[in-house]
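I have placed the structure first, in the form of structure tokens, so that the comments after it can refer back to it.
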Amino acid sequence: MRIDDYRDSELVKKIIHLISKTAPSRKIKIMHVCGTHENFIGRFGLRSLLPENIELVAGPGCPVCVCPASDINTAIEISLMDKVILATFGDMIRVPSKSNSENSENDSLQKAKSKGADVRIIYSPLDVQKIAEKNPDKRVVFFSVGFETTAAGVASLIYNQPPDNLSILSSHRLIPPSMELLLGIGDIQIDGFLLPGHVTTVIGMNPFEIFPEAYLMPTVSAGFEPLDILSAVLSIVEQIKEGRASLTNKYTRAVKEDGNPKAIKIMNDVFEEVSSYWRGIGRIPRSGLKLRDKYSKWDANKIFEIEKGNKNFFDIHPHCSCHLIMIGKIYPPDCPLFAKKACNPENPFGPCMVSMDGTCRIWYRYGGKNN
Ligand code: SF4
């Protein structure tokens with residue numbers, strides 16, 4: 001099939017009709033955990049096509065948004081050191097860090113850059129390797145942020161023994177533990193999960209077995225096109241109607257049950273799972289990745305020995321509601337600062353308005369509640 005086939009308006013109408021016919025009359029809340037899904041839902045106006053009782057809500061699927069302020073502060077501190085080049089993905093440099101005090105001016109890597117730090121935007125881990133090779137007299141630090149998809153690329157970089165002047169400041173997070181945490185938050189009431197396409201391409205379906213088996217939660221992988229997303233919604237709705245829960249792969253053109261075994265093997269070799277803090281959400285067991293000791297010569301945390309602040313402080317500004325948006329409790333327009341002068345992409349107040357994967361930024365771009 002061509003991409004256009006996944007956007008065929010007649011097929012979209014047919015699936016919407018089937019969803020409407022199948023869905024029970026009660027309210028159903030389906031959560032996705034992927035910024036790309038939110039982008040496609042907004043861009044194609046999929047929420048406005050669904051029956052009113054079916055909610056499609058974004059969870060913590062923006063890696064830049066969940067990156068703790070303390071990690072950003074560590075990156076800022078390292079970037080301001082002598083003979084350091086700090087590289088990171090584009091969205092990361094604008095994310096405000098100091099948000100725990102009403103009076104504090106927000107800091108960011110962009111501000112560090114304006115103070116003279118050599119902060120560079122990269123597009124892939126290989127870019128960092130090139131920077132390190134071209135600058136042997138500098139210490140090149142990659143502030144690596146992202147879920148399993150990005151972590152696989154970073155693992156491959158380290159596995160292949162990059163130059164000694166390169167190091168990784170890992171702020172990687174893992175999707176399945178965050179989904180499990182959400183099920184423990186009583187007043188969200190999730191009825192089904194739509195699994196992230198990129199992440200399942202890497203780790204496969206197996207790590208998600210726990211959701212239908214232990215939590216009786218319909219759990220369906222989906223690609224990003226309208227027909228992909230709506231087919232997954234239909235599958236969830238059918239399962240709810242039939243009173244069953246299964247792990248279903250609706251993205252078979254990209255996702256295999258056991259994912260990409262080579263990438264998984266390299267990730268497991270390079271990284272170990274650690275309990276990690278998610279911005280505004282809290283500490284989640286085994287939800288982050290740190291370099292294993294055998295790779296410590298590339299571990300920026302070991303090389304720079306930055307004094308870490310308390311990661312358990314509430315690092316969302318008191319007036320920002322990102323923490324509620326990231327757990328699917330409210331929508332961006334429910335935040336009083338949304339789209340007003342106080343918070344927009346040019347002047348973001350919280351992390352959800354900075355990243356292209358941030359729910360507030362996406363809603364700002366594509367419109368209000370009906371996107
Ligand atoms: Fe935070 Fe701005 Fe989103 Fe409100 S609109 S939740 S202040 S990022």
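Numbering of ligands and ligand atoms starts at 1, following listing order. As a basis for the values below, the full set of heavy atoms in this structure was taken, side chains included, without hydrogen atoms, waters or symmetry mates.
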Exercise for the section: Could you pull out all residues at least two apart from Phe193 that satisfy ring pair (Phe, Tyr, Trp, His ring centres under 6.0 Å)? Expected result: Phe211
Exercise for the section: Taking ring pair (Phe, Tyr, Trp, His ring centres under 6.0 Å) as the test, write out the residues that go with Phe271, two or more places apart. Expected result: His172
Handout entry: Side-chain donor-acceptor pair present, Gln161, Trp298, cut-off under 3.5 Å
Key = no
Problem - Between Glu55 and Tyr331, a side-chain donor and acceptor under 3.5 Å - result: yes
Exercise for the section: Go through the side-chain N and O atoms of Ser221 and Asn249 and say whether any donor and acceptor fall under 3.5 Å apart. Expected result: yes
Practice task
Enumerate the protein N/O/S atoms at a distance below 2.8 Å from atom 4 (Fe) of ligand 1, ignoring waters.
Solution key: Cys335 SG
Problem - Under the ring pair (Phe, Tyr, Trp, His ring centres under 6.0 Å) test, residues paired with Phe89 that sit two or more places apart - result: Phe142
